[in-house]
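No hydrogens, no waters, no symmetry mates; every other heavy atom, side chains included, goes into these values. Counting from 1, the numbers follow the sequence of the chain as shown. Since we're looking at a predicted model, the values are computed, not measured.
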Amino acid sequence: MKILFVLPRMVTGGVERVTLRLVAGLQARGHECAFALRRAYGEFLPEAEALCPVFEVAAGGLHQFVPKLAQLIQSWQPSHIVTAFADVGVLTHLAIKQSGHKPYWVHGVHGTHDAVTATPGIKGRLRYQLDQYFAAWVYKKAGKVVAVSDGVRADILQCFTVDASQVVTIYNPVLDDSQLIPKNSTTGFATPPKIVALGRLTRQKGFDILIEAMRQVPQPWRLEIWGDGEDKSVLQTQIEACGLQDHIRLCGHTSQPLDMLRQADVFVLSSRYEGFGLVLVEALAAGCSIVATDCPHGPREILENGRYGLLVGNENPQALAAGISQALSQAQLSNVVEMLERAQEFSVNSAVFNWEKTLDGTHEK
């Protein structure tokens with residue numbers, strides 16, 4: 001297969017991370033891959049360029065996207081095209097039509113369509129409505145729609161008129177075999193205990209909720225938040241306003257999230273919503289205690305209704321603080337060996353195998 005992956009950019013995000021792993025896995029199995037990016041920038045761009053060809057199709061503006069992508073499709077002649085993000089999917093569909101080429105198009109859905117995803121304000125609501133419109137178009141036109149969790153799949157089937165056989169669930173490729181190593185046993189937490197959170201610094205990830213919650217968690221503790229994003233200055237201001245600058249640090253981007261998690265005593269996912277929540281799988285593999293908001297749709301599914309970590313109320317600083325306090329009071333919330341076994345279910349090999357079947361048109365729900 002000759003597969004073209006179409007994305008807006010290669011920033012530090014979950015979609016970009018799992019796409020890089022998927023591409024690496026597919027290429028290891030003999031498939032030829034390339035990226036078509038609206039703009040060639042982002043923290044993951046060097047990794048993408050090291051993997052396969054990267055084409056920039058709209059450096060001069062969004063108006064270039066469709067004609068430039070159509071030209072690329074004509075010249076590169078992919079047998080398959082994979083997209084993520086509904087607006088990119090619509091533009092890609094137009095480019096496919098304009099190219100005259102007929103690749104098999106698969107669209108990946110990494111997030112929920114729940115209204116919680118809407119950013120507050122008129123612009124946020126308008127963006128949400130546009131996304132719903134774009135998604136309905138994409139789901140009607142794509143050859144197959146891949147949901148990253150059963151929760152996302154159920155959300156698609158509930159919100160849109162789409163044949164159930166067209167939508168399949170494939171868990172994200174999170175870990176390879178070399179990362180599935182049991183954590184060294186310890187006698188207890190560090191002094192002070194180290195709490196880690198990971199994710200892009202955006203409203204979705206709820207770091208503002210986490211910072212507010214930490215005001216209510218008794219000392220001693222220290223919190224490291226790893227990631228970059230547009231909310232960095234706002235979050236830093238909030239940390240200082242809460243008087244927590246000696247206890248909470250915004251650490252920036254890391255290319256080794258699993259290493260950061262292995263050094264943690266407690267991992268916290270404070271998201272308002274998730275389609276999957278791949279960092280939860282990494283936390284399982286790292287063997288640290290997990291506290292996660294019970295947001296739509298990934299955490300409850302990955303943690304099996306709280307078997308592998310605490311689930312707390314969504315967008316609720318008091319509930320999050322109580323969960324973190326409980327985690328800090330116990331040396332280990334879940335069995336580390338069982339956590340590792342659960343993490344193995346989200347391996348790169350399993351995801352790549354299922355993606356191959358989907359691209360061949362043979363995957364069944």
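Cluster membership for Phe353 and Phe5, using ILVMFWY side-chain heavy atoms within less than 4.5 angstrom, is not shared. Connection of Val54 to Val57 is established within a shared hydrophobic cluster, with ILVMFWY side chains joined at heavy-atom distances below 4.5 Å, either directly or through further cluster members.
Arg153 has no carboxylate O lying under 4.0 Å from a charged side-chain N of Glu301, or vice versa, which leaves the two without a salt bridge. The pair Arg200-Glu16 does not meet the salt-bridge criterion, since no charged nitrogen lies less than 4.0 angstrom from a carboxylate oxygen.
His101 places a side-chain N or O within 3.5 Å of a backbone atom of Pro78 that can act as its donor or acceptor partner. In terms of modelled atom types and a separation under 3.5 Å, the side chain of Thr293 and the main chain of Ser271 share a donor-acceptor contact. Under a 3.5 Å cut-off, the side chain of Asp265 and the backbone N or O of Ala190 do form a donor-acceptor pair. Side chain of Arg9 to backbone of Arg39: no donor-acceptor contact under 3.5 angstrom is found. Judged by distance alone, with hydrogens and angles left aside, the side-chain atoms of Gln166 form a donor-acceptor pair with the main-chain N or O of Tyr139 at under 3.5 Å. Under the 3.5 Å distance criterion, the side-chain polar atoms of Glu230 are left unmatched by any main-chain donor or acceptor of Thr202. Between the side chain of Thr83 and the backbone N or O of His107 there is no donor-acceptor pair closer than 3.5 Å. Gln74 places a side-chain N or O within donor-acceptor distance of the main-chain N or O of Ser99, the cut-off being under 3.5 Å.
Residue pairs meeting the ring pair (Phe, Tyr, Trp, His ring centres under 6.0 Å) criterion with at least one partner in residues 229-270, sequence neighbours excluded, are Phe44-His253, Trp221-His247.
Here the CG atom belonging to Asn314 is positioned 10.0 Å from the CG atom belonging to Leu320, to the nearest 0.5 angstrom.
For NZ of Lys232, the number of neighbouring non-hydrogen atoms (other residues, nucleotides, ligands) closer than 6.0 Å is 12 at most. Atom NZ of Lys97 has 12 or fewer heavy atoms from other residues, nucleotides or ligands within 6.0 Å.
Considering only heavy atoms from C-beta on, Met339 stays 4.5 Å or farther from Arg342 through its side chain.
Tyr41 shares a hydrophobic cluster with Val11; the chain of contacts runs through ILVMFWY side chains whose heavy atoms sit under 4.5 Å apart.
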